[in-house]
J.: 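Quick one: this structure, given as structure tokens, is what I'll be asking you about.
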Amino acid sequence: MNIKAEIAASIASAFKELFDAELGQEAIVLQPTRKDFAGSHTFVCFPFLKQSKKGPEQTGAALGEFVKNEVEAVANYNVVKGFLNFELSDAVWIEQFNATCANSNFGQLPVSGKEIMVEYSSPNTNKPLHLGHLRNNFLGYSVAEILKANGHKVSKVQIINDRGVHICKSMLAWQKFGAGQTPASSGKKGDKLVGDYYVKFDQEYKKEIEQLVADGVDPEQAKKEAPLIQEVQTMLKLWEDRDEAVVSLWKKMNGWVYEGFDATYKRMGVDFDKLYYESDTYLLGKDEVSKGIDKGVFFKKEDGSVWVDLTGDGLDEKLLLRGDGTSLYMTQDIGTAILRFRDCPALSQQIYTVGNEQEYHFKVLFLILDKLGFEWAKECYHLSYGMVDLPSGKMKSREGTVVDADDLMQEVHEAAKERTEELGKIDGFSEQEANDLYETIGLAALKYYLLKVDPRKRMMFDPNESVELHGNTGPFIQYVHARTSAVVRKATELGLFESIESGTGVADLQPIEQALIQQIVGYEDKLKEAAKEYSPAIIAQFSYELAKEYNKFYSEVSIFNEPDQEKLKFRVLLSAVVGKTLKKSMALLGANCPDRM
RNA sequence: GGUUCGCUAGCUCAACUGGAUAGAGCAACUGCCUUCUAAGCAGUAGGUUCCAGGUUCGAGUCCUGGGCGAAUCACCA
């Protein structure tokens with residue numbers, strides 16, 4: 001059955017028979033053989049020399065000989081230093097390949113019964129999405145897809161931060177300086193327009209501060225006394241009191257932002273199953289904080305502010321409710337988490353895709369939920385990813401170095417167009433088809449670029465590299481997929497394909513063919529690993545290696561000039577399976593694979 | 001200052017969680033399109049894995065100390 005287990009079992013009995021040593025199955029670990037050596041499974045002998053009472057080479061040779069005789073799948077073995085490498089027979093690989101072909105669910109693991117909620121994006125509604133959101137969105141979307149492929153039921157959600165001081169700032173600025181401007185009248189996307197007023201507020205606010213300081217007011221004092229900031233606070237208060245005019249302005253401007261966001265999400269290719277709004281959850285959060293006081297988990301200070309004491313957990317005291325009774329981010333997050341588990345009682349895990357700058361926040365949040373007695377608190381996970389830097393340094397909204405999401409997607413589209421036209425690859429494409437192709441290529445370049453690095457790590461975003469089509473890039477993988485499609489297309493035209501879909505009858509393999517099968521067969525393990533690590537990078541790397549391997553095969557081995565019909569058909573089938581696998585793995589990254597490019 | 005994380009080829013990233021000669025891409029150089037898509041393939045060159053100790057058959061990976069960088073520790077989000 002499982003070859004790995006079979007070999008391990010055989011090694012165990014070899015130890016018993018040859019060296020009279022009992023080894024637990026767990027102690028015997030087989031690792032993949034490195035590329036430069038013959039074989040697929042490697043057993044490291046060094047740790048077991050005490051049992052064998054022999055040198056590493058002799059130990060390896062003795063074990064190898066024993067296993068080769070006992071396990072039919074093992075065709076040969078070799079020992080390099082203390083490393084025992086097993087080479088499986090072609091028949092085994094062909095059998096595995098045929099099994100893969102026959103498995104219509106290949107790449108989709110069995111239903112696990114687990115239900116997982118993945119939160120991502122979660123923007124503020126006062127400014128447009130930027131490069132940081134792109135990493136966040138692509139990561140969240142991809143992790144959700146990876147979990148689905150692992151058999152879990154997944155819902156994608158976000159918490160939209162649609163209220164608060166920062167929202168009021170853009171509202172106030174629009175009211176004062178907007179002159180009734182709308183997305184329609186200005187020709188701007190709604191989120192961009194609102195963002196402009198957020199910036200406008202900041203500019204005007206700064207002017208006021210400067211003026212006050214020039215008049216001799218203390219700078220710290222000036223920040224609090226500036227008329228604009230005071231008006232904002234008044235507005236926030238009015239909003240909380242459900243003042244009709246303020247609420248209607250709030251609805252209008254948020255509506256603009258949502259229209260803009262929707263367009264951006266659509267182009268990004270991400271989606272959500274359910275949306276949560278801070279304006280709906282912050283009151284629940286306040287309630288829960290009050291309950292926490294009653295339970296004695298939280299305490300109130302003289303000024304009316306509410307705190308939780310986490311010093312026993314090695315952290316500090318944490319504020320949960322301001323002295324004036326208004327809520328904070330934390331307040332709202334407590335409410336949102338509780339609401340989600342109420343909405344989905346079967347939920348077994350919740351994943352928050354949020355930048356690593358908020359690690360402390362989530363540590364505290366989960367701890368508080370635990371103290372409130374929610375059992376599911378330990379099933380909350382902060383998928384913490386690193387910030388995106390530009391070659392010029394950090395992105396700073398104040399310094400205008402933020403890379404806008406819409407602009408960036410347009411740029412990658414243009415770059416894909418330019419390079420595709422240079423190569424003259426669009427003969428026979430209609431204008432619409434060509435345009436779709438540029439979009440597909442550009443977005444794959446961008447997504448792959450952002451997802452191929454370990455999510456936990458801070459990364460450098462080089463605009464030139466992100467639109468690159470050569471090397472370790474999304475378009476390279478798309479290209480290889482298109483190649484496999486071309487092979488299948490030609491085989492279909494020749495009437496060869498239908499007869500071979502079910503499997504192959506070849507008897508022996510070229511080394512490169514065997515290597516390809518090995519790669520494909522390892523796909524589901526990578527899928528599991530990617531889910532365990534919450535890392536699309538593992539899928540990206542798998543895709544790249546498979547694509548590279550196929551290209552090697554493509555240049556080394558002739559497909560349609562092969563005289564042996566059985567071999568010819570096998571190579572077509574192999575191409576088809578590689579193409580399917582590439583398409584599936586790229587889909588997990590949110591990238592499409594065109595059939596021609 | 002406390003806590004957490006990072007440091008690998010000129011640049012951007014890998015390294016199956018302690019295993020073999022530390023690998024890819026970009027950039028540079030050399031070959032290969034009359035043949036299934038050259039967005040490709042093959043090759044050359046590039047390394048004291050930040051430094052110093054330690055642990056063991058074996059360390060980029062683990063422990064200690066140090067250096068540099070980042071995040072966080074707000075009645076911000």
Side-chain angles (χ1 to χ4, degrees), chain A residues 31-37 42 44-47 49-50 55-56 80-83 85 122 124 126 161 164-166 278 301 303-307 314-316 318-324 326-330 332-333 355-361 363-364 384 386-387 389 391 394 416 419-420 422-423 425 441 445 449 452-454 456-462 464-465 468-473 475-480 482-487 489-491 522 525-526 529 533 537-538 541 544-545 547-548 550-562 568 571-572 575 596-597:
Chain A
Q31 44 185 268
T33 305
R34 288 184 74 109
K35 273 262 155 58
D36 340 307
F37 301 94
T42 292
V44 184
C45 302
F46 298 108
L49 302 182
K50 278 188 219 100
V80 183
K81 299 197 197 161
F83 297 89
N85 304 317
S122 302
N124 293 339
N126 61 344
N161 301 296
V165 183
H166 50 297
E278 182 183 350
K301 287 196 177 172
D303 61 358
S305 59
V306 179
W307 298 73
L315 304 173
D316 280 326
K318 182 77 184 177
L319 178 76
L320 299 178
L321 217 49
R322 291 192 188 97
D324 65 0
T326 57
S327 67
L328 296 109
Y329 203 37
M330 187 60 82
Q332 158 219 319
D333 273 359
N356 63 11
E357 59 199 346
Q358 291 187 35
E359 269 169 12
Y360 184 76
H361 172 82
K363 200 170 172 183
V364 170
S384 165
M387 298 290 100
D389 285 327
K394 279 180 70 168
R419 293 174 199 210
T420 304
E422 271 171 25
L423 293 169
K425 291 261 184 176
I441 293 174
Y449 184 83
K452 74 175 170 183
V453 314
D454 185 335
R456 289 178 288 256
K457 289 192 180 166
R458 171 178 278 270
M459 73 173 288
M460 169 75 78
F461 182 86
D462 183 328
N464 295 322
E465 277 183 26
E468 191 52 61
L469 310 178
H470 305 272
N472 188 359
T473 66
F476 169 79
I477 295 162
Q478 290 178 313
Y479 175 73
V480 176
R483 271 187 157 174
T484 65
S485 296
V487 170
R489 207 158 42 234
K490 180 163 178 180
D525 281 341
K526 291 289 177 188
E529 195 187 335
E533 303 288 326
I538 289 168
Q541 210 182 333
Y544 176 61
E545 275 162 15
K548 221 169 43 158
Y550 182 81
N551 264 347
K552 191 176 157 81
F553 160 80
Y554 189 87
S555 65
E556 267 182 23
V557 177
S558 162
I559 298 173
F560 292 103
N561 293 329
E562 169 63 46
L568 190 160
R571 286 172 194 163
V572 171
S575 300
R596 291 172 206 261
M597 63 186 282

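Computed from a predicted model, the values in this text were never measured in an experiment. Just so it is clear: chains get the letters A, B, ... in the order the sequence lines come, proteins before strands, and each one is counted from 1.
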J.: Using whole Å, what does the distance between atom C1' of nucleotide B:G19 and atom CG of A:Leu49 come to?
T.: 13 Å

J.: Whole angstrom is fine here: how far is it from OH in A:Tyr360 over to C1' in B:G2?
T.: 11 Å

J.: Mind listing the N/O atom pairs, protein and nucleotides 56-63 of chain B, below 3.5 Å?
T.:
none

J.: Between A:Lys526 and A:Glu533 (salt bridge meaning N to carboxylate O under 4.0 Å), is one present in this structure?
T.: no

J.: Ignoring hydrogens and angles, are the base of B:A20 and the side chain of A:Thr42 linked by a donor-acceptor pair under 3.5 Å?
T.: yes

J.: Between A:Arg456 and A:Asp454 (salt bridge meaning N to carboxylate O under 4.0 Å), is one present in this structure?
T.: yes

J.: Can you confirm if the aromatic rings of A:Tyr550 and A:Phe553 lie within a centre distance of less than 6.0 Å?
T.: yes

J.: Show each protein N/O and nucleotides 41-44 of chain B N/O combination with a separation under 3.5 Å, one pair to a line.
T.:
residue: B:C41; atom: O2'; partner: A:Ser555; partner atom: OG; Å: 3.2

J.: What is the distance from NZ of A:Lys490 to P of B:U35, rounded to the nearest Å?
T.: 11 Å

J.: Starting at CD1 of A:Ile559 and ending at P of B:C36, how long is that distance when rounded to a whole Å?
T.: 11 Å

J.: Among B:G19, B:A77, B:A39, find the nucleotide with the atom closest to the side chain of A:Leu469.
T.: B:A39

J.: Restricting to nitrogen or oxygen on both sides, can you table the protein-nucleotides 11-17 of chain B pairs closer than 3.5 Å?
T.:
residue: B:C13; atom: OP1; partner: A:Met460; partner atom: N; Å: 2.7
residue: B:A14; atom: OP1; partner: A:Asp454; partner atom: N; Å: 2.8
residue: B:A14; atom: OP2; partner: A:Lys457; partner atom: NZ; Å: 3.1
residue: B:A14; atom: O2'; partner: A:Gln541; partner atom: OE1; Å: 3.3
residue: B:A14; atom: O2'; partner: A:Gln541; partner atom: NE2; Å: 2.7
residue: B:U17; atom: O4; partner: A:Glu533; partner atom: OE1; Å: 3.2
residue: B:U17; atom: O4; partner: A:Glu533; partner atom: OE2; Å: 3.0

J.: Can you see whether A:Asn356 engages A:Arg458 through a side-chain donor-acceptor pair at a distance of less than 3.5 angstrom?
T.: no

J.: Between B:A74 and A:Arg322, is there an OP1 or OP2 to side-chain N/O distance shorter than 4.0 Å?
T.: no

J.: Without decimals, in angstroms, what is the distance between A:Lys363 NZ and B:C73 C1'?
T.: 11 Å

